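Worksheet for the structure shown next.
Predicted model only: the values in this text are computed from it and were never measured.
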Amino acid sequence: MAIVMAWHKPDNVAGSCGAAIMVGLFVATGGLLFGYDTGTISGILAMTAFREQFTTGYLDPKDHAVNVSPAQSSLIVAILSAGTFFGALMAAPLGDKLGRRLSLIIAVGIFAFGVLLQTIAMAIPLLVSGRFFAGLGVGVISVLVPLYQSEMAPKWIRGTLVCAYQFAITVGLFMAAVVNIVTEKIDGSDAFRIPLALQFVWAGGLLLGLLLLPETPRYLIKRNLHTAAASSLSRLRRLDITHPALIEELAEIEANHEYELSLGNATYKDVFLGSPHLGRRLLTGCGLQMLQQLSGCNFIFYYGTTFFTNIGINSPFVIALITNIVNVVSTVPGMILVESIGRRRLLMFGASGMAICQLVVGTVGTLAPSLPSANIVIIVFVCCFIFFFASSWGPVVWVVTSEIYPLKVRAKSMSISIASNWILNFSIAYGTPYLVNWGPNYANLQAKIFLLWGFFCVLALIFVWAMVYETSKISLEQIDELYERVDRAWNSKNFQPSWSFQEMRDEGASSSGIQLTDQDLTRQRTGTSASQTESTTSMSEEDKIIAQLGNVEFSY
């Protein structure tokens, strides 16, 4: 509620945005599934009951008790990310063929099946299978939730709503930490089966809500379902279907889609080579998603409990809970600042702060690990790193990735970008135990791993400066003009839209000189089709209203 109150709807925006905001916030709870799963497995791996149930005879050299081996631990953690990689790639054909909403419903069902397998597992193979299927569902959700949010949200609060997805991830991590603390002392397998089974609750709530939500107007336009698109937009904006503001917003979406179709069909080749600058946009999305993982965030959330134990910190479960509280609270400033200071500046601020924190932790942990104050310094700067990450790179990467692609390739481009996130997630989750732990064939980096994360945070700062365009306060349709007119990312903050796709369609040309066909010039309206050459007597009531209004801008 505080997030909503921090924003004031612009005076020139008609209707109510409350419905769209509530829908966007509810869909964001899809992030709970990934966040809770990540936090749960981090704690479960350290539980005595889990170690005794799933051990195959390996003795931990630290405490000489039975445990899963580092290789098995890597597989159990990382297999979820392998599933999410394939799920992200599945999201594009699913989302384009069946719709964003129905595909989300299917994804939740796949996730629930994976949770069932994990809950009943008595040995590692079934547990791993369950985590793969859960990951498959999470992968589809990770693409379609930000996509759904960006396509239905008013532009003035679009960034905040997409940030809510990351906020839900942090809440899931926090809830998992709390549940792990409560159940770790339970005798027997209930210690880890209860945390696993609770995922049915989050999945069930999301599934019930999705059954009631509308499909996004932009997807319905893409499928040439104009009447359904008008009805969906009417529900989201709380405006009558004939209201001029609603008609104008819908017309701009239609005109943009017609313009995109005039440039050719949307194939995977266009994702890389299409215009305007789709290859550059894909590189931006993939780069952001990969660097988000290379910042070292998931090392803390996947292996934080184990790492704190290995460096001699007492009560590692409590420390993990503290870091998760910091993660949740720190996401709120990012949700607010993403609109007020913009995407670029927030990402650059975050990358700078993360780099400093990681380098400090790596230096102290490497050069002075035995000092009494070393552990305190490590904990403090790990929490500072989480603050910078949660207020910037955690939520804002999802915002930029959901905004920068045009409608005709949005699902395809987002699926590739987010799949790059998951493949790095898998690599880090699987490879980190081999990099950090000691023993034969292990790198034994220990705290030195933070120096590596710090290097990638510096690289992230440079990447944002060179590649990320400022996309706040403009509509999804106007982002195409941004990429057409602005050659350098660092000049994008001064961009002001100079034309709309309606004007372009009516005049038959874009600012870049691309001509539209006669078919593209046909003006389609809500459930009707009216040519501008028709007489006033044959015009629909909607077109009469628009003709009287002239060129008033009603877009959100």
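- Across Leu359 and Gly454, no two heavy atoms sit closer than the pair CD2-CA, 4.0 Å.
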* To do: Might you work through the side chain to side chain contact (heavy atoms under 4.5 Å, CB included) test for Val77 and Tyr430, ending with a clear yes or no?
  => CA-CA 7 Å; Val77 173; Tyr430 189 81; over 6 Å; no

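- The shortest non-hydrogen separation linking Ile423 to Ser420 is CG2-O, 3.2 Å.
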* List the steps, then state whether side chain to side chain contact (heavy atoms under 4.5 Å, CB included) holds for Cys163 with Thr331. => CA-CA 8 Å; Cys163 281; Thr331 305; 5.8 Å; no

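- Arg100 contributes no side-chain N or O that, together with a main-chain N or O of Glu215, makes up a donor-acceptor pair within less than 3.5 Å.
- Under the 4.5 Å side-chain criterion, counting only non-hydrogen atoms from C-beta, Phe133 is not in contact with Leu116.
- Atom CD1 of residue Ile41 and atom CZ of residue Arg131 lie 4.0 Å apart, to the nearest 0.5 angstrom.
- Counting heavy atoms from C-beta outward, Leu147 and Glu151 have side chains that approach closer than 4.5 Å.
- The backbone N or O of Glu52 sits nowhere less than 3.5 Å from a side-chain atom of Thr55 that would complete a donor-acceptor pair.
- A distance-only check finds a donor-acceptor pair linking the side chain of Ser69 to the backbone of Gln72 [under 3.5 Å].
- Side-chain contact annotation: Tyr405 with Ser417, donor-acceptor N/O pair under 3.5 Å present.
- At distances below 3.5 Å, at least one donor-acceptor pair connects side-chain atoms of Trp393 with backbone N or O atoms of Leu347.
- Counting only distance, with no hydrogens or angles, the side chain of Arg101 and the backbone of Leu210 share a donor-acceptor pair below 3.5 Å.
- Expressed to the nearest 0.5 Å, how far OG1 of Thr119 lies from CG of Leu198 amounts to 9.0 Å.
- The shortest distance between side-chain heavy atoms of Asp96 and Lys412 falls below 4.5 Å.
- Side-chain contact of Gln53 with Ser189: a donor-acceptor pair under 3.5 Å is absent, judged by distance alone.
- Between the side chains of Arg280 and Tyr469, a donor-acceptor pair is found at a separation under 3.5 Å.
- Between Ala134 and Gln118, the closest heavy-atom pair is CB-NE2, 3.6 Å.
- Checked by atom type and distance alone, the side chain of Gln293 never pairs as donor or acceptor with a backbone atom of Asn421 at under 3.5 Å.
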* Can you list the steps and then say if Tyr36 with Val201 is a side chain to side chain contact (heavy atoms under 4.5 Å, CB included)? -> CA-CA 11 Å; Tyr36 183 85; Val201 178; over 6 Å; no

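- Counting only distance, with no hydrogens or angles, the side chain of Glu470 and the backbone of Arg343 share a donor-acceptor pair below 3.5 Å.
- A distance of 5.0 Å separates OG of Ser142 from CD1 of Ile418, quoted to the nearest 0.5 Å.
- Annotation for Leu207 and Ile105: closest pair CD1-CG2, 3.5 Å, computed over non-hydrogen atoms.
- The shortest heavy-atom contact between Ala121 and Arg193 is O-NH1, 2.8 Å.
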Show me the donor-acceptor pairs within less than 3.5 Å that the side chains of residues 178-187 make with the rest of the protein, sequence neighbours left out.
residue	atom	partner	partner atom	Å
Asn180	ND2	Gly39	O	3.1
Asn180	ND2	Ala176	O	3.3
Thr183	OG1	Val179	O	3.0
Thr183	OG1	Ala191	O	3.0

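- When side chains are defined from C-beta on, Leu196 counts as touching Ile44, because their heavy atoms get closer than 4.5 Å.
- Looking only at side-chain heavy atoms (C-beta outward), Phe450 and Cys357 stay at 4.5 Å or farther from each other.
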List, one per line, each side-chain donor-acceptor pair under 3.5 Å for residues 80-95, sequence neighbours excluded.
residue	atom	partner	partner atom	Å
Ser81	OG	Asn425	OD1	2.6
Thr84	OG1	Leu80	O	3.4
Thr84	OG1	Ser81	O	2.6

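- Residues Val27 and Val145 share a closest heavy-atom pair of O-CG1, 3.6 Å.
- The number of heavy atoms from other shown groups lying within 6.0 Å of CZ (Phe463) is above 12.
- Annotation: the span from Trp398 atom CH2 to Gln166 atom CD amounts to 7.5 Å, rounded to 0.5 Å.
- Between Ile169 and Leu32, the closest side-chain pair of non-hydrogen atoms is not below 4.5 Å.
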Side-chain donor/acceptor pairs under 3.5 Å, residues 377-392, sequence neighbours excluded:
residue	atom	partner	partner atom	Å
Ser391	OG	Phe387	O	2.8
Ser391	OG	Phe388	O	3.4
Ser392	OG	Phe388	O	2.4

* **side chain to side chain contact (heavy atoms under 4.5 Å, CB included) assessment of Val271 paired with Ile416** => CA-CA 9 Å; Val271 169; Ile416 294 173; 3.9 Å; yes

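- Two residues are said to be in side-chain contact when any heavy atoms from C-beta on lie closer than 4.5 Å; Thr170 and Asn324 fail this criterion.
- The shortest distance between side-chain heavy atoms of Tyr148 and Leu213 falls below 4.5 Å.
- Judged purely by distance below 3.5 Å, without hydrogens or angles, the side chains of Thr401 and Gln289 pair a donor atom with an acceptor atom.
- To the nearest 0.5 angstrom, Leu33 atom CG is 10.0 Å from Trp202 atom CH2.
- Within the model, atoms OG1 of Thr40 and CG of Leu45 stand 10.5 Å from one another, a figure rounded to the nearest 0.5 Å.
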